[in-house]
Amino acid sequence: MASSSLSLFRALLFLSLATSTFSTRPYKEGLTPYFYDYVCPQALPAIKRVVEAAVQQERRMGASLLRLHFHDCFVNGCDASILLDETPTIHSEKLAGANNNSARGFEVIDQIKAEVDKACGYSLVSCADILAIAARDSVVALGGPSWEVQLGRRDSTTASRATANNDLPTPNMDLPALINTFQKQGLDTKDLVALSGAHTIGFAQCFTFRNRTYNDTNISTDFARSLRSSCPRTGQDSNLAHLDPSPAQFDTLYFHNLLTQKGLLHSDQALYSGGSTNELVKTYSDDVEAFWDDFAKSMVKMGNIKPLIGNRGEIRLNCRRVN
């Protein structure tokens with residue numbers, strides 16, 4: 001009885017706070033790192049525990065969770081639309097070109113949702129906020145920087161595979177296309193280079209770098225030869241190559257690779273091919289603190305792309321489907 005009363009009190013308190021404090025603010029002022037502090041202080045520690053366990057079990061998962069947040073925010077804002085499964089009325093973004101047979105970590109998000117709902121006593125934390133927090137905790141788990149995650153997002157009730165296909169960057173983009181893709185989201189050139197540094201962790205599949213391996217001229221001959229051994233001209237599309245030499249450590253080797261024409265993706269090497277981003281790549285390659293500081297700032301900025309707040313959207317009971 002006491003537990004039920006406490007849960008009811010928390011629910012009423014949250015509704016009161018949401019109505020009086022957040023719902024009438026424009027979105028640029030509506031997010032705060034303290035959103036859950038009073039209604040469920042156990043929320044963020046619960047998320048962190050699940051992320052740390054998942055990354056400890058499979059180091060690659062950290063990069064996968066970070067990528068989910070990125071691919072969510074670039075499609076109509078940070079609203080967890082990437083998590084919705086295909087239905088007769090939902091055109092799932094999971095089936096978009098950049099995500100199909102590539103985006104992963106959905107089971108970890110499901111686990112986080114179950115654990116945080118259990119910790120809070122009811123479905124309080126949005127799936128969109130879970131993605132943002134899990135991205136930060138994944139970077140920290142792999143030795144990278146931390147930052148205050150702005151919170152208070154709500155979840156979308158729809159998805160757009162067409163927008164995902166149009167707005168997500170692709171591995172074959174050159175620098176002007178990358179700059180335009182980021183500018184469309186309100187992100188500048190510094191954000192582009194800093195956020196691309198997320199490729200200091202994780203892997204890519206053969207089909208994403210095959211064309212670069214066999215056709216690009218701005219690639220180290222030895223590096224191209226080593227990639228061809230596991231990525232033939234045809235077949236074995238899902239074979240993996242690490243994005244930099246230390247794929248489970250959030251360091252600056254990604255940028256060092258670009259200086260020696262060893263960027264795995266065409267879009268990676270585009271950042272250091274005589275264009276406007278060359279100097280920033282050099283800076284980050286030599287100064288991990290500068291990279292970490294700018295990366296953290298850009299993650300907060302990206303996390304502020306068109307969030308749903310107040311009465312817009314919903315708090316999903318299951319991240320894979322609308323209520």
Side-chain angles (χ1 to χ4, degrees), residues 11 14-15 18-19 22-28 30-31 35-36 43 47 50 61 64-118 120 122-135 150-170 181 184-186 205 207 238 302-323:
F14 171 72
L15 289 173
T19 300
F22 298 106
S23 62
T24 59
R25 293 182 180 181
Y27 75 82
K28 288 184 180 179
L31 301 182
F35 194 84
Y36 301 108
I47 295 171
V50 178
M61 186 54 68
S64 298
L65 294 174
L66 175 59
R67 186 168 182 253
L68 282 181
H69 181 46
F70 185 105
H71 282 213
D72 180 40
C73 291
F74 265 57
V75 183
N76 295 324
C78 309
D79 59 4
S81 57
I82 192 174
L83 302 178
L84 291 172
D85 286 340
E86 182 82 0
T87 73
T89 57
I90 296 290
H91 300 292
S92 178
E93 294 164 21
K94 295 178 181 180
L95 301 179
N99 296 327
N100 193 27
N101 296 318
S102 176
R104 59 196 298 274
F106 300 109
E107 295 79 7
V108 176
I109 299 300
D110 293 340
Q111 185 182 358
I112 292 172
K113 178 64 172 170
E115 289 298 317
V116 77
D117 284 359
K118 180 179 178 181
C120 295
Y122 63 107
S123 189
L124 168 68
V125 182
S126 69
C127 302
D129 276 350
I130 286 173
L131 285 173
I133 299 164
Q150 299 293 309
L151 301 168
R153 302 169 191 81
R154 290 166 65 86
D155 301 322
S156 70
T157 56
T158 187
S160 177
R161 184 158 65 246
T163 304
N165 282 325
N166 287 332
D167 289 358
L168 287 173
T170 68
T181 298
K184 187 175 182 180
Q185 304 299 335
Q205 297 183 61
F207 76 90
S238 60
M302 184 184 75
N304 281 325
I305 298 175
K306 296 187 291 187
L308 301 174
I309 67 161
N311 294 321
R312 300 170 63 203
E314 64 182 17
I315 306 298
R316 287 187 212 140
L317 302 176
N318 183 327
C319 290
R320 294 174 179 263
R321 56 176 179 265
V322 298
N323 296 342

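Just so you know, these numbers come straight off a predicted model, no measurement behind them.
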Open item on the list: Under 3.5 Å, is there a donor on one side chain and an acceptor on the other for Ser102 and Arg67?
Closed with: yes
Taking the side chain as everything from C-beta on, heavy atoms only, tell me whether [X] gets closer than 4.5 Å to [Y].
X: Ser160; Y: Asp167; value: no
X: Ile82; Y: Leu131; value: yes
X: Phe70; Y: Pro169; value: yes
X: Phe74; Y: Thr163; value: no

Backbone of [Y] reached by a side-chain donor or acceptor of [X] within 3.5 Å:
X: Asn100; Y: Ala96; value: no
X: Lys113; Y: Ile130; value: no
X: Asp155; Y: Ala80; value: no
X: Arg161; Y: Ser92; value: yes
X: Asn165; Y: Gly97; value: yes
X: Thr181; Y: Leu168; value: no
X: Ser126; Y: Arg153; value: yes
X: Arg154; Y: Gly313; value: yes
X: Asn323; Y: Leu317; value: yes

[X] versus [Y], closest heavy-atom pair with distance:
X: Val322; Y: Glu314; value: CA-OE2, 3.3 Å
X: Arg316; Y: Asp79; value: NH2-O, 3.5 Å
X: Val75; Y: Ser81; value: O-OG, 3.8 Å
X: Tyr36; Y: Ala43; value: CB-CB, 4.4 Å
X: Ala134; Y: Ile112; value: CB-CD1, 4.1 Å

What's the separation between atom [atom1] in [X] and atom [atom2] in [Y], rounded to the nearest 0.5 Å?
X: Asp117; Y: Ser123; atom1: CG; atom2: OG; answer: 4.0 Å
X: Leu84; Y: Ile90; atom1: CG; atom2: CD1; answer: 5.5 Å
X: Ser156; Y: Arg312; atom1: OG; atom2: CZ; answer: 11.0 Å
X: Tyr122; Y: Ile315; atom1: OH; atom2: CD1; answer: 10.0 Å
X: Glu115; Y: Gln111; atom1: CD; atom2: CD; answer: 6.0 Å
X: Ile133; Y: Ile47; atom1: CD1; atom2: CD1; answer: 3.5 Å

Task: salt bridge (Lys or Arg N to Asp or Glu O under 4.0 Å) partners of residues 87-96, not counting sequence neighbours, each pair once - done: Asp85-Lys94
TODO: Using salt bridge (Lys or Arg N to Asp or Glu O under 4.0 Å) as the criterion, list what pairs up with Asp110, not counting sequence neighbours.
DONE: Arg320
Open item on the list: Are more than 12 heavy atoms, taken from residues, nucleotides or ligands other than Asn166, located less than 6.0 Å from that residue's CG atom?
Closed with: yes
Open item on the list: Using the rule given for side-chain contact (heavy atoms from CB on, under 4.5 Å), can you reason through Ile109 versus Leu83, listing the C-alpha separation, both sets of side-chain angles and the distance that settles it, and then say yes or no?
Closed with: CA-CA 9 Å; Ile109 299 300; Leu83 302 178; 3.8 Å; yes
